[in-house]
Structures are given as C-alpha cells and as structure tokens.
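Everything quoted here is computed from the prediction, not taken from an experiment. Throughout, protein chains are lettered first and strands after them, A, B, ... in sequence-line order, and every chain is numbered starting at 1.
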Amino acid sequence: MGSLFSHVAYGQSTFKRFVEVGRVVLVNDGPSAGKLAVIVEIIDHNRALIDGPTTSVPRQAFPYRNLILTPYTLANLPRAAGSGPLKKALEKAGVLEKWEQSGWAKKLAARQTRKNSSDFDRFQVQLAKKSRRDLVRKAYVKEKKASA
Amino acid sequence: MGRFTEYSVVGRTLPTESDPAPKLYRMRIFAPNEVVAKSRYWYYLRQLKKAKKANGEIVAINVIHEAKPLKVKNFAIWLRYDSRSGTHNMVKEFRALSRAEAVEAMYQDMAARHRARFRNVQILRVAEIEKKDDIRRPYIKQLLEPGLKFPLPHRRTKSKAWFAANRPSTWA
C-alpha cells in the first residue's frame with residue numbers, strides 16, 4: 001500500500017477519486033440504488049461501512065463493486081463518525097446541493113424520467129420536438145435567403 | 001442472516017444416584033441453526049468431559065446477538081484444524097462487523113487456503129482485538145493506517161446487454 005501512495009505524495013497520481021473516510025459515493029445496487037452515501041470507515045479490500053442519514057441509506061457494510069465514487073468528499077470526517085455528526089457535516093458541506101446541480105445527477109434524473117414516461121408524455125415530446133424543428137428550419141431558410 | 005449465528009448452549013449430564021446435581025456447562029457455538037448448534041455442543045463436550053447426548057440434556061439454547069453490529073472490529077480467531085497429514089493450531093485475524101461474520105470469513109479462508117472443511121476446523125477462541133498494537137498480521141495492520149486511501153483502478157462492470165456499441169470504460 002505504501003508504494004501505491006508514493007506517486008500521490010509527489011502530487012502526480014493519475015487517480016483522482018479515492019476510497020477514503022469521507023468520500024461521497026453513489027450506491028449502484030440494492031434497495032438504496034441511486035442514492036448518495038458517505039464512506040464512514042474502510043472495512044477491508046472489498047467493503048466499506050457507508051451511511052447516508054440525509055438520503056435514507058441505512059448504515060451498513062457495502063462492497064466497492066456496488067459503489068461509484070463521486071468527486072465530492074467531506075474533509076476531516078473522523079473515522080467511524082456517528083450518523084448524527086455525519087448529518088451535520090453533510091449539511092455544512094452542502095454536498096447534496098452540489099450533486100443535484102451536477103451534470104451527472106441531471107443526466108441520471110433525465111434517464112429516470114424517460115424510463116418512467118407514459119405514451120402520452122412521449123407524444124407530447126414528439127409534438128414539442130416537431131415544433132422546435134419547424135421554427136429552427138424556418139429561421140435557417142430565412143437566414144440563407146437573406147445572405148444569398 | 002449470514003451463514004453463522006452464535007448460540008449459547010448450556011447442557012449437563014442427566015442426574016444419577018452418584019451425582020444428583022451435575023455441573024452445567026455452557027459453550028458459545030457458531031452454527032447455521034439450533035440443530036447444528038446442539039450437535040456441535042455435544043461433539044465438543046464429549047472431547048472435554050465425560051458426557052454424551054445419550055446420557056445428557058440441553059438445558060438452554062439462546063442466540064447471542066452482536067452487541068454493536070455497526071462498529072467495525074478486529075477479531076483474532078484461534079483455531080485447530082486437521083490437514084491431510086496432521087493437525088495444527090493457528091491464529092487468524094479478520095476485520096468484520098460481528099463475531100459471526102468473522103467466523104464465516106474464517107471458514108471461507110480456511111477452505112480456500114488449506115482446503116479445510118467445516119468438520120475439520122475447531123474454533124478455540126474468538127476475541128475482539130481492542131488495541132491496535134496487539135494486531136499481529138500485516139494484512140490487517142495495513143487497513144488500520146491513519147488516513148488510509150486507495151483508488152479503485154480497473155473497475156470491471158457486468159454488462160446486462162448481449163451486445164454493446166462501445167468497449168466499457170474502467171474508471172471507478
């Protein structure tokens with residue numbers, strides 16, 4: 001493990017996201033899928049203890065293969081912090097708000113709405129796209145004629 | 001509900017004329033269910049005392065729940081196992097949330113490294129290691145470094161689709 005960090009010490013690591021205490025992760029599997037949690041303690045090479053008091057992820061051991069590391073961390077989070085202090089740290093850092101505004105979260109949300117859309121919703125999207133196409137093409141033709 | 005539950009099994013030999021009030025013996029047994037727990041109780045008691053199931057009785061069997069199932073603990077397990085050519089003692093260390101989870105990891109580890117089956121392994125003692133200095137094994141010590149962090153290089157995801165337009169990316 002020490003040799004793995006020598007390049008980090010020089011500030012030249014090719015890796016940007018680390019499994020560490022305070023790393024915010026996206027749960028990818030199970031009943032809490034799609035929710036954010038924080039790594040509270042590293043158990044071993046395969047599992048971490050995660051907790052998401054504000055996103056209703058119960059405190060539990062979770063394997064890394066079902067987690068996705070996000071670019072957000074809670075700095076100076078003590079190892080094995082309790083749910084209460086963790087909640088305060090989360091609110092103070094405002095991580096969840098930053099997450100909601102990120103492109104990644106927006107893409108996930110868009111994927112969900114598309115998945116949950118009804119036929120009528122898709123019909124409305126079709127009409128909206130049609131009208132946008134119409135306006136764009138009319139403007140294009142007008143510009144072309146004007147510059148010709 | 002992992003593979004093992006810890007039971008507290010209390011039993012004694014049946015009272016006879018020469019011994020009207022036999023001693024009660026309690027054991028902490030790791031087993032998948034009560035039936036196996038009672039069976040293992042007699043197996044060990046036969047080795048330690050002059051008692052067998054035929055002239056004994058189980059007085060009580062209770063589940064021992066983990067006191068702090070959300071606290072990560074370091075366990076040391078002392079065990080005795082039969083290899084193909086002899087029987088040996090070992091001390092193995094595990095990081096787990098409960099004693100039963102550590103025992104399950106131990107049985108898996110023994111099966112993997114030594115091809116030792118459940119029937120060949122006897123647990124002598126399971127103890128939580130309180131102080132970091134008492135840890136013997138480097139593979140556990142390395143996880144207790146303060147400020148430990150590591151990346152997840154080469155993430156391998158399972159594709160649910162039969163075909164994929166692009167090769168997968170292995171970022172974590």
Side-chain angles (χ1 to χ4, degrees), chain A residues 1-9 12-26 28-29 39-53 57-71 73-84 86 104, chain B residues 1-3 66-77 92-106 108-109 112-113 128-132 135 137-161 168-172:
Chain A
M1 277 289 166
S3 55
L4 197 68
F5 298 148
S6 52
H7 54 255
V8 176
Q12 282 177 34
S13 170
T14 50
F15 298 107
K16 298 218 166 46
R17 301 183 193 173
F18 295 87
V19 169
E20 54 190 328
V21 174
R23 171 67 57 178
V24 179
V25 293
L26 178 66
N28 210 19
D29 199 19
I39 293 181
V40 164
E41 188 167 4
I42 297 175
I43 301 178
D44 59 22
H45 303 283
N46 296 321
R47 302 176 298 157
L49 188 65
I50 65 163
D51 195 1
V57 175
R59 196 180 178 97
Q60 61 196 289
F62 224 79
Y64 302 131
R65 49 190 294 269
N66 295 334
L67 295 175
I68 305 181
L69 307 176
T70 68
T73 43
L74 297 176
N76 299 325
L77 187 73
R79 190 174 66 92
S83 291
L86 176 61
W104 183 0
Chain B
M1 184 40 48
R3 255 182 69 204
E66 182 67 31
K68 295 236 168 122
L70 294 173
K71 175 182 169 209
V72 183
K73 298 174 273 284
N74 305 305
F75 291 99
I77 301 185
K92 284 188 163 281
E93 293 177 356
F94 297 94
R95 242 169 106 67
L97 293 174
S98 67
R99 287 167 57 96
E101 204 187 288
V103 162
E104 179 179 348
M106 182 277 292
Q108 293 294 98
D109 193 59
R113 297 205 147 88
E128 185 191 337
I129 311 172
E130 246 102 66
K131 286 188 270 183
K132 215 168 92 167
I135 299 201
R137 309 297 181 210
Y139 56 81
I140 297 292
K141 272 208 191 118
Q142 68 181 348
L143 295 167
L144 297 171
E145 255 173 60
L148 174 68
K149 67 176 188 176
F150 50 88
L152 295 174
H154 199 68
R155 175 194 187 81
R156 302 172 63 180
T157 52
K158 270 222 162 100
S159 170
K160 292 195 179 90
S169 65
T170 59
W171 61 279

Discussion item. Between A:Val40, A:Val21, A:Asp44, who has the most heavy-atom pairs with chain B when the cutoff is under 4.5 Å?
Written reply: A:Asp44
Response to the item:
Okay, A:Leu49 and chain B: the region with an atom under 4.5 Å from a heavy atom over there is side chain
Worksheet, complete the sentence: From the list A:Ile39, A:Val57, A:Asn28, A:Leu67, side-chain contact (heavy atoms from CB on, under 4.5 Å) partner of A:Phe62 resolves to A:Leu67
Practice prompt. Please state whether the side chain, the backbone, both or neither of A:Asp51 comes within less than 4.5 Å of a heavy atom of chain B.
Written response: neither
Worksheet item: Going by an N to O cut-off under 4.0 Å, is there a salt bridge joining B:Arg95 and A:Glu41?
Response: yes
Fill in: B:Lys149 side chain reached by A:Arg23 side chain, heavy atoms, under 4.5 Å
no
Worksheet item: Among all residues two or more places apart in sequence or in another chain, which pass the ring pair (Phe, Tyr, Trp, His ring centres under 6.0 Å) test with A:Tyr64?
Response: B:Phe150
Worksheet entry | Contacting region of B:Leu97 [heavy-atom separation from chain A under 4.5 Å] | side chain
Discussion item. What part of A:Arg47 gets within 4.5 angstrom of chain B, counting heavy atoms only: side chain, backbone, both, or neither?
Written reply: side chain
Worksheet item: So which part of A:Ala61 gets closer than 4.5 Å to some heavy atom of chain B, the side chain, the backbone, both or neither?
Response: both
Practice prompt. Quick one: list whatever passes side chain to side chain contact (heavy atoms under 4.5 Å, CB included) with B:Lys141, sequence neighbours left out.
Written response: B:Ile135
